[in-house]
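A quick write-up on the structure given underneath.
These numbers come from the heavy atoms of this one structure, side chains and all, not from hydrogens, waters or symmetry mates. Remember, predicted model here, so these are calculated numbers, not experimental data. All residue numbers refer to positions in the sequence shown, counting from 1.
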Amino acid sequence: MTTPTHQRAVLPEYEAAAVRSEAQARRSASRASQAPRRNFTWMLSVVPPLILAVALLIGWFVSSAYGYVNTLFLPAPADVLDSLSSGFSSGIYLSNLWVTVQESLVGFLLALALALPLGYVLTKSRVLAAAIHPYLAAGQAIPVVVIAPLLVLWLGYGWVPNMYVCALVVVFPMVVNTMLGVQTIDRALTDAARVEGAAGWAMFAHIEFPLALPSIIAGVRTGLTLSVMGALVGEFVQGGDQGLGSLLLVAKNQYNTPLMFATLVVLAALAVLFYSSTWLIGKLAQVVY
């Protein structure tokens, strides 16, 4: 037989369980009410691009099949597919794609290793920011196609100068996004962390970096996608025989427009792959932090 004291001790447990079940029911109802909205958002982000792609493909096919546009300037979709198929079967695309991927990834990682600490330091030191900002802006204003021949002259031919070209292309947006992320942190949060004793590495690792991470990831997304362009610029300047940029030059010199369009398709797929990988990085960062 339970005593009144035992009943009083058990009642709060029942009340807590009821509160938890009610909260879970509310969360389930909220997720259920948001599901149609998420489905509509997903359809809105997928269906219009697909409709536009189908319309462009139909217009492309009609213009080339009925002779509205010279096939020298706009090859038929079937010719582009044949060029893609023969290029992959012969290994031309895979070998050149691997070279471009190496150049862009190594250049991006080099720029990332420079941009993150530089952007953080520039937000913490007004003197360094005043000294370095003009050179960053000047480096961004000078076209990289002008700097690439100098890098080839200094470093020789090969993938090394292309790597530095990629780094020059992507370092500025990543520095700017890192600075923006650190500068927009709520000062009340950092002041509260200092009151609790956070300073130095602890402040950076547990407060500043997680709060600035969305802006940093936006810069990483932009930089990784632009790194493909940097690799192409370096390959164009060198005029060698390796990389997708060199393959584009060969196709241009041979007036092989199906090969040019097929190479552009491969480049677009590479850019989409890089962009998608940054999306996965963002999701992983949300899980970790």
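Tyr135 forms part of no hydrophobic cluster, judged by ILVMFWY side-chain heavy-atom separations under 4.5 Å. Within the hydrophobic cluster formed by Ile, Leu, Val, Met, Phe, Trp and Tyr side chains joined at under 4.5 Å, directly or through other members, Val99 stands alone, with no partner residue.
Val237 places none of its side-chain heavy atoms less than 4.5 Å from the side chain of Asn162. Contact check for Ser63 versus Leu74: side-chain heavy atoms found under the 4.5 Å cut-off. Taking the side chain as every heavy atom from C-beta outward, Leu110 and Val106 never approach each other to under 4.5 Å. Between Leu247 and Val266, the closest side-chain pair of non-hydrogen atoms is not below 4.5 Å. Considering only heavy atoms from C-beta on, Gln102 stays 4.5 Å or farther from Met163 through its side chain. Phe274 places a side-chain heavy atom less than 4.5 Å from the side chain of Leu105.
Residues satisfying the side-chain hydrogen bond (donor to acceptor under 3.5 Å, both in side chains) criterion with Glu208, sequence neighbours excluded, are Tyr120, Lys124.
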Ignoring hydrogens and angles, write down the donor-acceptor pairs under 3.5 Å from the side chains of residues 166-173, residues two or more places apart or on other chains.
none

Would you list the atom pairs, donor with acceptor, under 3.5 Å between side chains in residues 76-87 and any protein atom, with sequence neighbours excluded?
from	atom 1	to	atom 2	distance (Å)
Ser86	OG	Asp82	O	3.0
Ser86	OG	Ser83	O	3.1

Donor-acceptor list for residues 255-263 side chains, cut-off 3.5 Å, not counting sequence neighbours:
from	atom 1	to	atom 2	distance (Å)
Asn256	OD1	Leu259	N	3.3
Thr257	OG1	Thr71	O	3.4
Thr257	OG1	Leu72	O	3.4
Thr263	OG1	Leu259	O	2.7

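When atom types are taken as modelled, the side chain of Ser104 and the backbone of Val101 share a donor-acceptor pair closer than 3.5 angstrom. Judged purely by atom type and a 3.5 angstrom limit, Asn96 has no side-chain atom pairing as donor or acceptor with the backbone of Leu244. Panel note: side chain Trp98, backbone Tyr93; no donor-acceptor pair is recorded below 3.5 Å.
Closest approach of Met174 and Gly219 over heavy atoms only: CG-O, 3.3 Å.
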